[in-house]
Peer 1: 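Okay, handing you the structure first.
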Amino acid sequence: MENTLFLYNTLSRTKEKFVPIHEGHVGMYVCGPTVYGDAHLGHSRPAVTFDLVFRYLKHLGFKVRYVRNITDVGHLENDADEGEDKIAKKARLEELEPMEVVQYFSDRYHNSMDKLNVLKPSIEPRASGHIIEQIQMVQTILDAGFAYESNGSVYFDVEKYNKENRYGILSGRILEDLLSNTRELEGQDEKRNSFDFAIWKKAQPEHIMRWPSPWSDGFPGWHLECSAMSAKYLGEQFDIHGGGMDLLFPHHESEIAQSTVCHHQTPARYWLHNNMITINGQKMGKSLGNFITLDEFFAGTHKALEKAYSPMTIRFFILMAHYRSPLDFSNEALQAAEKGLSRLLKSIVTLSKLSAGSTSTSNITELEEKCYEAMNDDLNSPILIANLFEGVRIINSVNDQKESLTQVDLDKLKNLFNTFIFDILGLMPESDQQAGNEVIEGLMNLVLEFRANARANKDWTTSDKIRDALAGLKISVKDTKNGVTWNLD
RNA sequence: GGUAUCAUGGCCGAGCGGUUAGGCAACGGUCUGCAAAACCGUGUACAGCGGUUCGAAUCCGCUUGAUACCUCCA
């Protein structure tokens, strides 16, 4: 483990050397989805980003416990105090049990993540399964004097907390600014200050998702689940906390406040935030109604899409940008990603067929070092990919006999490509239909034999007819120096 | 209004004071019966205006524009 990984910590606004609390082990918590709708392109960014973190840490030899929650209670819709639970609303509209909705969209979320080749987290806890832990946490905060009960609900006393700690340590906000700038919202009379946030909410009579507590029949506050579940599975202080930038405030800020009161320390050492995916320069979001679901991408059914885009294209598209930069959706960009990915993956097949030379004209060791440098520098996947394309150039040049590599370098390059492309970037070949299909294999050999004969006789009409006909069946035939190759598009 | 981030060639997207990012597209060439693929070559990017410096896309200031958060959202 001689690699030194640097990560950008939102807490310090700098890149910091990553040193885990317990040597050789990493605890990572990432805010997962609220399951009340299909996963859209926006959801894929944190999933892929932290999948990359997970994969790379494992590659470096760490034993990683990766916890990603599923939020199935507690998020209020619209106005904070007047709204109803998102899950409950959807359930009532469709006359389903809330848990039925949760199950349905969880399954669909998992399905989309599987397609994107996102590894499953070690633990995927649900908020509804941790009500007791959350109630205990509310009690602890009340006992410590940092919360107050009001009409059956319990609110976190931000002003009091801020006297001894700093509310705003993560987001850079200053409490006075919040006070003077918070908008007027209806029904906030229960709170002492507008910036106080609920840690327990009394349920309205029509509210279906409710649990008994010392204060009221109700449900836990919005930010509490992550504090409770991360502490339960990763300890009172753990290594990495991740999520989308949009969660920075108030969600993560409030998590820090709650956990600090309960455990007297900042819950996580490194706070990582991925940037947003935008569409026409604007954030893709549920509430903005400008999102495209992942299934729509895979099927090409959304009106903004010129064609279908495969899961690996989406994954590669995301990895081509650094996780902290905004990434703008466009058909052009997706198609560029699609072609680039195809070229990258094709080179692996070419690589497997190369024969060794007596000398090496390229420095594979140096290439490998550059790949690690890129990843160690705050997971700079675009630089990594640029380096891999340098590898592609080398592979193709060797194939064209313009360069050569020794067996040692060839093996090193194969190992390099397998490690970075499959294990770390998590890409995978998508069309392996031709593999193992003996019928197609046999037919193709037969057809290409006829064509080879025609070509030998300079019967271009016949040979082109065969090639065109196969092209119509989405089989492309290419005549190379080393013979004929074909593949399914 | 407050806080934060950003503005790079046709498109996407790296860059953290001096050396080629990379992908896609385009053009020219090599190869090929023709294609395709591949390889080689080509683009005088850095929002604007000042400043610091021997030297700035990169640091500082101002201007303009954009986005995010401040309310659920990845």
Side-chain angles (χ1 to χ4, degrees), chain A residues 13 15 30-34 36-37 39-47 49-50 71 74-80 83 85-86 168 171-174 176-178 180-183 185 194-195 222 242-251 253 273-278 281-288 291 316-317 320-322 324-341 343-344 346-347 350 374 377 380-390 392-393 395-397 399-403 455 458-460 463-464 467-468 471 476-481 485:
Chain A
R13 312 258 165 195
K15 286 180 195 170
V30 174
C31 294
T34 304
Y36 67 109
H40 58 74
L41 185 62
H43 290 102
S44 63
R45 189 134 199 222
T49 296
F50 292 103
T71 297
H75 275 251
L76 298 183
E77 200 158 81
N78 301 322
D79 185 8
D85 192 293
K86 272 181 177 169
S171 58
R173 273 159 226 264
I174 294 159
E176 287 71 43
D177 294 340
L178 285 174
S180 56
N181 289 301
T182 305
R183 290 180 227 167
L185 294 172
S194 55
F195 42 67
W222 332 308
M245 255 182 183
D246 49 349
L247 297 178
L248 221 152
F249 189 91
H251 185 59
E253 194 70 65
H273 292 94
N274 62 275
N275 214 313
M276 304 290 103
I277 289 181
T278 58
Q282 197 185 29
K283 175 182 158 184
M284 191 177 276
K286 186 107 183 157
S287 56
L288 296 165
F291 66 96
F316 193 61
F317 171 66
M320 286 222 302
H322 185 78
R324 282 192 286 115
S325 298
L327 175 58
D328 196 57
F329 155 84
S330 71
N331 281 285
E332 244 182 321
L334 251 345
Q335 281 162 34
E338 184 176 51
K339 286 181 185 169
L341 174 63
R343 201 156 85 87
L344 184 63
K346 269 184 204 159
S347 77
T350 308
D377 185 14
N380 201 324
S381 55
I383 296 278
L384 168 63
I385 290 168
N387 287 323
L388 292 174
F389 274 108
E390 169 64 13
V392 171
R393 206 212 87 242
I395 289 167
N396 287 327
S397 291
N399 191 44
D400 284 358
Q401 280 142 31
K402 286 171 181 162
E403 289 205 31
R455 292 185 75 222
K458 296 195 191 294
D459 178 2
W460 311 125
S463 87
D464 287 352
R467 188 172 63 194
D468 291 347
S476 58
V477 174
K478 286 159 197 163
D479 302 307
T480 71
K481 281 177 191 160
T485 66

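Each chain gets a letter, A, B and so on, in the order the sequences are listed, and its residues count up from 1. The structure presented is a predicted model; accordingly, all values stated were derived computationally and were not measured. Heavy-atom basis, side chains included; hydrogens, waters and symmetry copies ignored.
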Peer 1: With rounding to the closest Å, how many angstrom separate the P atoms on B:U8 and B:G13?
Peer 2: 9 Å
Peer 1: Please measure how far the P atom in B:G17 lies from the corresponding atom in B:G1, and state the result in whole Å.
Peer 2: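 34 Å, rounded to whole Å.
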Peer 1: Please report, rounded to the nearest Å, how far the P atom of B:G33 is from the NZ atom of A:Lys458.
Peer 2: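 Rounding to the nearest Å, NZ of A:Lys458 and P of B:G33 are 7 Å apart.
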Peer 1: Counting only side-chain heavy atoms from C-beta out, which of B:A14, B:A4, B:A74 sits nearest to A:Arg13?
Peer 2: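 Minimum distance to the A:Arg13 side chain belongs to B:A4.
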Peer 1: If you compare all heavy atoms of A:His273 against all heavy atoms of A:Gly244, which two are closest, and at what distance to 0.1 Å?
Peer 2: CD2-O, 3.5 Å
Peer 1: Hey, does A:Leu247 reach any base, or is it just sugar-phosphate, or nothing, if we go heavy atoms under 4.0 Å?
Peer 2: sugar-phosphate
Peer 1: Roughly, in whole Å, what's the span from CH2 in A:Trp222 to P in B:C70?
Peer 2: 11 Å
Peer 1: Do the side chain of A:Asp479 and the base of B:C34 come within less than 3.5 angstrom through a donor-acceptor pair of N or O atoms?
Peer 2: yes
Peer 1: Could you state the CG-P distance from A:Asn380 to B:C16, rounded to the nearest angstrom?
Peer 2: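 To the nearest whole Å, that distance equals 10 Å.
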Peer 1: Which listed nucleotide (B:C39, B:A35, B:C72) is nearest to the side chain of A:Ser397?
Peer 2: B:C39
Peer 1: Once you apply a heavy-atom cut-off of 4.0 Å, does A:Ser463 come out as touching a base, just sugar-phosphate, or nothing?
Peer 2: base
Peer 1: Could you check whether the side chain of A:Arg173 and the base of B:C69 have a donor-acceptor pair of N or O atoms closer than 3.5 Å, going by distance alone?
Peer 2: yes
Peer 1: Check the distance between B:G15's P and A:His322's NE2 and give it to me in whole angstrom.
Peer 2: 7 Å
Peer 1: By nearest atom, which of the nucleotides B:G33, B:C69, B:A36 is closest to the A:Arg455 side chain?
Peer 2: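 Output: B:G33.
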Peer 1: What interatomic distance, in whole Å, is found between P of B:G18 and the corresponding atom of B:A57?
Peer 2: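 Straight-line distance between the two P atoms is 10 Å.
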Peer 1: At 4.0 Å (heavy atoms only), tell me whether A:Val30 reaches a base, stays on the sugar-phosphate, or touches nothing.
Peer 2: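 Since no nucleic acid heavy atom lies under 4.0 Å of A:Val30, the category is nothing.
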Peer 1: Please report the closest heavy-atom contact between A:Ala374 and A:Ile383, naming both atoms and the distance.
Peer 2: CB-CG2, 3.5 Å
Peer 1: Could you give the CG-to-P distance, from A:Leu248 to B:A4, as a whole number of Å?
Peer 2: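 It is 12 Å, rounded to the nearest whole Å.
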Peer 1: On a whole-Å scale, what distance lies between the P atoms belonging to B:U20 and B:A38?
Peer 2: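 Looking at atom P only, B:U20 and B:A38 are 25 Å apart.
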Peer 1: Tell whether A:Arg467 reaches the base of B:A35 with its side chain through a donor-acceptor pair below 3.5 angstrom.
Peer 2: yes
Peer 1: Of all residues at least two apart in sequence or in a different chain, which pass the side-chain contact (heavy atoms from CB on, under 4.5 Å) check with A:Ser347?
Peer 2: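 So A:Ser347 forms a side-chain contact (heavy atoms from CB on, under 4.5 Å) with A:Val392, A:Ile395, A:Phe417.
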Peer 1: Between A:Phe291 (CZ) and B:C72 (P), how many Å, whole number?
Peer 2: 19 Å
Peer 1: Pick the P atom in B:A36 and in B:C46, then give their distance to the nearest Å.
Peer 2: 34 Å
Peer 1: To the nearest Å, give me how far apart CD1 (A:Ile277) and P (B:C12) are.
Peer 2: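 For the pair A:Ile277 CD1 and B:C12 P, the rounded distance is 15 Å.
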Peer 1: Calculate the interatomic distance between A:Phe329 atom CZ and B:C12 atom C1'; express it in whole Å.
Peer 2: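 It works out to 13 Å between those atoms.
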Peer 1: A:Asp464: which residues meet the salt bridge (charged side-chain N to carboxylate O under 4.0 Å, His left out) condition with it, sequence neighbours left out?
Peer 2: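 Salt bridge (charged side-chain N to carboxylate O under 4.0 Å, His left out) list for A:Asp464, sorted by chain: A:Arg467.
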Peer 1: Looking across every strand, which nucleic acid part, if any, lies under 4.0 Å from A:Leu327 by heavy atom: base, sugar-phosphate, or nothing?
Peer 2: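 Sugar-phosphate, no base atom in range.
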Peer 1: If you apply the rule side chain to side chain contact (heavy atoms under 4.5 Å, CB included), what do you find for A:Leu388 with A:Leu344, and how did you get there?
Peer 2: CA-CA 8 Å; A:Leu388 292 174; A:Leu344 184 63; 4.1 Å; yes
Peer 1: Tell me whether the guanidinium CZ or amine NZ of A:Arg343 lies under 6.0 angstrom from the six-membered ring centre of A:Phe389 and within 45° of its axis.
Peer 2: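 That pair does not qualify as a cation-pi contact.
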Peer 1: State which of B:C39, B:A37, B:G2 makes the closest approach to the side chain of A:Asn396.
Peer 2: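 In terms of side-chain proximity for A:Asn396, the closest of B:C39, B:A37, B:G2 is B:C39.
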Peer 1: Please list, chain by chain and in numerical order, all residues satisfying salt bridge (charged side-chain N to carboxylate O under 4.0 Å, His left out) with A:Arg45, sequence neighbours excluded.
Peer 2: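 If we apply the salt bridge (charged side-chain N to carboxylate O under 4.0 Å, His left out) test to A:Arg45, skipping adjacent residues, there are no hits.
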Peer 1: Closest approach of A:Trp222 and A:His251, non-hydrogen atoms and distance?
Peer 2: O-CE1, 3.9 Å
Peer 1: Can you work out whether A:Thr278 or A:Gly172 has the more 5'-proximal nearest nucleotide on RNA chain B?
Peer 2: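 Residue closer to the 5' terminus by nearest nucleotide: A:Gly172.
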Peer 1: Which stems does RNA chain B form, counting runs of 3 or more consecutive Watson-Crick or G-U wobble pairs with both distances under 3.5 Å?
Peer 2: B:1-7 with B:64-70, B:10-12 with B:22-24, B:26-30 with B:38-42, B:47-51 with B:59-63
Peer 1: Examine B:C69: is either OP1 or OP2 under 4.0 Å from a nitrogen or oxygen in the side chain of A:Lys283? Give yes or no.
Peer 2: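 Yes, such a contact exists.
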Peer 1: Ignoring hydrogens and angles, are the base of B:C6 and the side chain of A:Arg324 linked by a donor-acceptor pair under 3.5 Å?
Peer 2: no
Peer 1: Give me the distance, rounded to whole Å, that separates B:U5 from B:G61 when you measure between the P atoms they each carry.
Peer 2: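 B:U5 and B:G61 have their P atoms separated by 12 Å.
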Peer 1: Taking the P atom in each of B:A45 and B:G22, what is the distance between them to the nearest angstrom?
Peer 2: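 One P to the other, the span is 15 Å.
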Peer 1: Where is the tightest heavy-atom contact between A:Arg324 and A:Met245, given as atom of each residue plus distance?
Peer 2: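 Shortest heavy-atom contact: O-CE, 4.3 Å.
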Peer 1: What's the verdict on side chain to side chain contact (heavy atoms under 4.5 Å, CB included) for A:Met276 and A:Leu327, showing C-alpha distance, side-chain angles and the deciding distance?
Peer 2: CA-CA 7 Å; A:Met276 304 290 103; A:Leu327 175 58; over 6 Å; no
Peer 1: Does A:Lys339 have any salt bridge (charged side-chain N to carboxylate O under 4.0 Å, His left out) partners at least two apart in sequence or in another chain, and if so, which?
Peer 2: none
Peer 1: From the set B:A4, B:C34, B:C72, return the single nucleotide nearest to any side-chain atom of A:Pro250.
Peer 2: B:C72
Peer 1: For nucleotides 19-24 of chain B, read 5' to 3', which letter fits each nucleotide if B means a protein heavy atom sits under 4.0 Å from the base, S means only the sugar-phosphate is that close, and - means neither?
Peer 2: --BSBS
Peer 1: Say you draw a straight line from CG of A:Leu248 to CZ of A:Arg173; how long is it, rounded to the nearest 0.5 Å?
Peer 2: 8.0 Å
Peer 1: Less than 4.0 angstrom between a side-chain N/O of A:Ser325 and OP1 or OP2 of B:C6, yes or no?
Peer 2: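 Answer is no, no contact under 4.0 Å.
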Peer 1: Sticking with atom C1', work out how far B:C12 lies from B:U30, rounded to a whole angstrom.
Peer 2: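 The answer is 29 Å between these two C1' atoms.
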Peer 1: Please tell me which of A:Pro46 and A:Phe317 maps to the more 5' nucleotide of RNA chain B, matching each residue to the nucleotide holding its nearest heavy atom.
Peer 2: A:Phe317
